[in-house]
Amino acid sequence: MGHRTIAGFAASAFATIALSTGALAQDWQPSGPINIIVPWGAGGSTDQVARVTAPLIAEALGVNVVIVNQPGASGSIGTQAVLDAPRDGMTWTANAIKNNATYSVSGLIEDTSIDDWHIYLSVANAPLVSVPADSEFQDFGELLEAFRTRGEDITVATAGGTSSGGTAIASLATAGDFDYRMITYDGGAPAAIATASGEAMVTTQLAVEQTELVRGGRLRALAILSDQPLIVEGVDPVPPITDWLDMPIAPDYFGIFIPRGVPDEVIATMDRIWEENVANSDALREYAETFGAVLAPSWGEEARARSIPIAISDACGKASRGEAVIEPAELGFDCETMSEIDSQ
Amino acid sequence: MFDGLTLLGDGLMHFLTPASLFNVAWATLVGIIIGVLPGLTATMGVALLVTLTYPMPPDQAILCLMCIYVGAIYGGSRTAILLAIPGTPASAATTLDGYPLALAGKGGLAMGLATTSSALGTMVGILCLVLLAPLLAEAALNFGSYEFFWLALFGVVISGRLTAFDDPIKGYIAGILGLLVAMVGMEGLHAYRRFTFGVPALGGGIDLIPAMVGAFGLAEILVVMKRRVAARIVDASDRVIPRLAEVWKYRRTTVRSGVIGTIVGIIPGVGEDIGAWGSYAAARRKSAERDQFGKGSLEGLIAAETGNSAAIPGSMIPTLTLALPGSAAAAVLIAAMFIHGIRPGPMLMVENAPFLYQVVAMLVLATLAITVYGLLLTRPLLRIMTVPRERLMPVVYVLCVIGSFAITQRLFDVYVMVAFGVVGFVLREMRYPMAPLVMGIILGTLLDVNLRRGLALSNGDVSPFFTRPVSAVICTLIVLSIIFSIPVVKRRVTSLFTNARRTTAGRD
Amino acid sequence: MSDAKNGQPSDAAKSSLSEGLSPPQQAPGIMERADLLTGIVLLVLGVAVAWMSWEMPRLEVRRIHPATVPGLVPGLLGLTLAFCGAILALRSVRASADAAGWRVFGGIFVSPEAGRVGATLALALIYALVLVGTLPFWAATALFVFAFIVTFEYAFSASRSPLWRTVLTATVQAVIVGVTVTLVFQFGFLVRLP
């Protein structure tokens with residue numbers, strides 16, 4: 001009967017192939033489905049952008065692009081898996097670029113830097129400070145006061161120390177000179193949901209992860225970590241953090257990254273796809289407008305240049321809080337001038 | 001409620017496409033074959049097929065896995081009736097009356113009634129799933145870290161308690177071992193690598209699928225190959241399709257067994273086999289023809305087959321709403337859902353409400369398919385049963401090896417499969433149940449992260465774990481079930497499920 | 001349910017026993033001895049896990065909440081395992097006193113069943129750990145299937161068919177399985193086989 005079962009399996013395999021889209025001519029033709037490992041939970045900011053971008057790439061390459069969520073340990077488990085995978089161009093990751101640039105600073109992944117990746121940026125996201133709808137805090141001023149007086153009694157839900165929310169609360173604490181108690185969840189969406197349910201008192205995850213809950217009246221948005229107010233349909237404009245605190249703001253870029261060492265034609269093909277199929281896609285624009293992200297497509301050297309400020313501010317922030325296991329200078333980041341050392 | 005009906009309609013329409021129906025057709029057939037073959041269980045079938053459905057779109061992949069699950073639980077009844085060997089553990093209770101019926105020349109009738117009972121049982125379970133799951137999901141939206149810690153612990157404890165063969169402590173030990181397996185690798189709060197002993201591959205932890213393929217595949221192969229003699233098939237040439245009157249006569253038994261099966265299914269980590277034993281025991285207690293049980297009672301056969309099938313939709317209730325697996329196979333389904341980006345749990349109804357109703361539609365389609373196959377494909381299924389194990393098992397093992405390799409394409413996962421196969425076989429021989437081990441592996445992270453997160457939230461204070469109402473209830477349940485498993489206490493308390501087991505063991 | 005306790009053993013019951021659903025019909029004391037040994041192993045394992053958890057870093061430099069140290073849950077689990085192992089061992093100590101019982105216990109490792117298990121295990125391990133990765137996948141698979149069938153149809157079978165027939169049919173099945181599985185997975189499921 002073994003053969004009979006195998007016949008069944010084979011039939012299913014061919015059905016699957018028939019379902020995948022037809023291929024377009026490209027210089028690089030992947031031999032199978034491409035895996036994008038999202039090292040965060042499904043529904044989070046990284047996952048959302050990856051899922052908007054994946055079909056665009058799938059259509060252009062003519063193969064399936066599969067999103068694999070591999071959350072855990074501030075995204076380092078999934079990222080490590082991509083670094084460990086064969087460099088055949090079939091395994092990519094999606095993340096916020098500052099994470100990939102600073103995993104070695106926090107010690108989560110040893111010996112890695114921004115130059116381990118070919119960078120394809122799609123959007124920039126800003127963290128949003130929110131509290132449950134029934135919270136005692138009506139605006140950010142009240143919350144800031146509470147942080148300064150009650151410190152570690154205020155619980156802040158994030159997706160972990162190196163997540164966008166974790167970095168945001170850390171830099172807020174530095175700028176506002178206060179203490180807090182961070183509670184780690186498996187991703188940005190779970191952190192936002194836990195805050196909406198009242199388990200945590202504040203969340204500083206990204207706006208895109210919270211807009212649905214804010215729109216549904218379950219979270220109250222207090223301030224956006226940007227120098228511009230956040231304006232999204234169905235939500236009152238959210239004031240910028242600069243109304244209360246004087247702090248550096250670096251745009252937090254998200255995108256898809258391919259590990260260095262893959263064949264050149266992979267990168268040539270992806271450069272063209274990003275320019276022709278992703279940068280000006282309606283799907284990505286619509287996503288950004290609905291969820292409060294900023295459309296910011298770039299690739300190659302430009303993408304790297306754009307990523308450096310947030311990477312430096314994140315790495316130096318970790319170092320100043322004593323969370324770094326290696327000096328940012330080892331990555332070529334100068335924390336005095338907040339710029340890159342040229343020898344890099 | 002009206003929303004629910006609309007979504008249910010949408011769910012059914014969603015799968016009324018040629019591609020979906022084709023998947024239902026082959027997947028259910030593969031499921032039945034897996035069920036018919038002794039040594040291939042539903043859990044292993046689902047685990048192996050996760051690999052094969054990996055490239056499919058999420059809805060089709062889960063559809064196939066669900067059909068395999070339903071098909072395998074049903075298929076086991078064939079072997080139970082004609083061979084007196086349960087094709088899967090779920091049909092153990094079916095052998096008691098099915099085989100005597102076959103010996104008495106009523107094999108066809110037994111197969112027919114097993115088919116209709118399985119179908120009706122699944123339907124009763126589906127009804128409960130549609131009614132209860134949205135309510136439970138709504139309630140679970142208020143669950144926080146404290147509650148999820150207790151739910152995870154409850155899942156492991158209750159599964160250890162109820163699936164242990166004769167010794168609850170072995171169930172608990174299996175559960176703790178599973179939890180410890182889940183501790184290996186990088187933990188979720190601070191990214192510390194625990195128990196990796198310098199092996200980089202262990203940093204990502206031990207995947208459930210290769211572990212399951214080992215514990216249910218290789219271990220089962222060893223069990224099958226250990227037996228010295230193979231069993232003989234009873235001839236069954238009488239009418240297969242039952243009369244309506246025969247089905248109608250036992251309507252009470254059918255409904256009661258369906259409800260019991262569903263409830264057992266809902267209990268985390270306690271699945272179809274206990275569902276069958278539970279409804280079998282209840283049917284005998286209520287029956288007018290009690291002395292016929294075990295000698296070829298139609299009622300007993302109906303009770304067992306209804307009970308095990310109803311446990312499938314039942315097990316989906318906690319699986320979908322709490323991410324707490326209702327059975328061992330459901331644990332594998334959760335792993336499969338995560339692989340496909342579907343996140344079961346309280347948020348499912350908020351984020352992806354249609355999915356719940358798609359699962360309902362999958363179950364309905366699978367039920368229709370087993371009815372059609374069951375009543376029409378008698379001869380070909382008979383032939384499958386006669387495949388000698390010496391010829392079948394090497395092929396199964398090849399599929400185990402490649403199945404554990406294929407998802408991550410690491411040889412490391414093959415070694416995991418082999419290790420779990422050997423350990424699983426040894427534990428099985430010493431009468432440790434496998435279900436709590438599975439529950440431990442899948443619930444370990446939930447338990448660990450939520451305990452420590454809860455402690456962080458309360459600033460190190462343990463009292464919220466005991467004072468919040470839902471936490472207090474679950475905690476009490478856990479304490480009670482552990483206390484009742486202490487022999488002195490147990491002797492005084494008659495529990496339905498353990499009694500069913502003890503008496504069937506006694507009567508044999 | 002006491003009415004059921006005096007039934008006759010039936011064929012159905014026996015086979016359900018062999019499926020491991022009810023207590024195995026073995027010489028008394030065997031399970032107790034197995035329990036005593038596993039109890040001790042589990043006790044040692046539990047203590048080792050608890051000790052390793054205690055030794056785990058507390059990550060003070062990262063300023064984590066002291067109640068969330070990585071070793072907390074594994075430590076608790078280790079202690080519980082050690083406790084359960086101790087109960088298991090203590091319960092079985094009295095039943096395992098006589099030396100004759102240990103000889104019976106040792107006997108199960110040289111029984112024909114143990115031989116069958118040993119052969120299956122040896123074949124399975126050689127295939128998964130040695131052949132796969134050394135030989136091309138189809139060849140490794142074919143070799144394993146062939147060896148398995150011949151071992152059990154010839155060496156371990158009471159009613160053996162002629163050797164040439166077993167070898168012939170086994171070869172045919174081995175080649176078909178090896179080639180089909182390889183083709184299906186390599187080209188159907190796009191798995192890069194070892």
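It should be emphasised that the depicted structure is a prediction, and the values quoted were computed from it without experimental measurement.
Contacts between B:Val449 and chain A at a heavy-atom distance below 4.5 Å involve the side chain alone, from C-beta outward. Heavy atoms closer than 4.5 Å to chain A are found nowhere in B:Arg452, neither backbone nor side chain. Of the atoms belonging to B:Ser145, heavy atoms from both backbone and side chain fall under 4.5 Å from chain A. No part of B:Asn142 comes within reach of chain A, as not one of its non-hydrogen atoms sits under 4.5 angstrom from that chain. For a residue to count as touching a neighbouring chain, one of its non-hydrogen atoms must lie under 4.5 Å from one of that chain's; by this rule A:Gln80 touches chain B with the side chain only.
Checking side-chain atoms of B:Arg453 against main-chain N and O of A:Ile183 turns up no donor-acceptor pair under 3.5 Å.
Heavy-atom minimum distance, B:Leu457 versus A:Arg181: O-NH1, 3.0 Å.
With rounding to the nearest 0.5 Å, the separation of CG in B:Asn459 from CG in A:Asp153 is 7.0 Å. To the nearest 0.5 Å, atoms CG (B:Asn450) and CG (A:Asp186) are separated by 8.0 Å.
Qualifying side-chain hydrogen bond (donor to acceptor under 3.5 Å, both in side chains) partners for A:Thr195, counting only residues two or more places apart in sequence or in other chains: none. A:Tyr287 is linked by a side-chain hydrogen bond (donor to acceptor under 3.5 Å, both in side chains) to A:Gln48, counting only residues two or more places apart in sequence or in another chain.
By number of non-hydrogen pairs under 4.5 angstrom with chain B, the leading residue of A:Thr155, A:Ile193, A:Val38 is A:Ile193.
The 12-atom threshold is exceeded at CD of A:Glu136, counting heavy atoms of other residues, nucleotides or ligands nearer than 6.0 Å.
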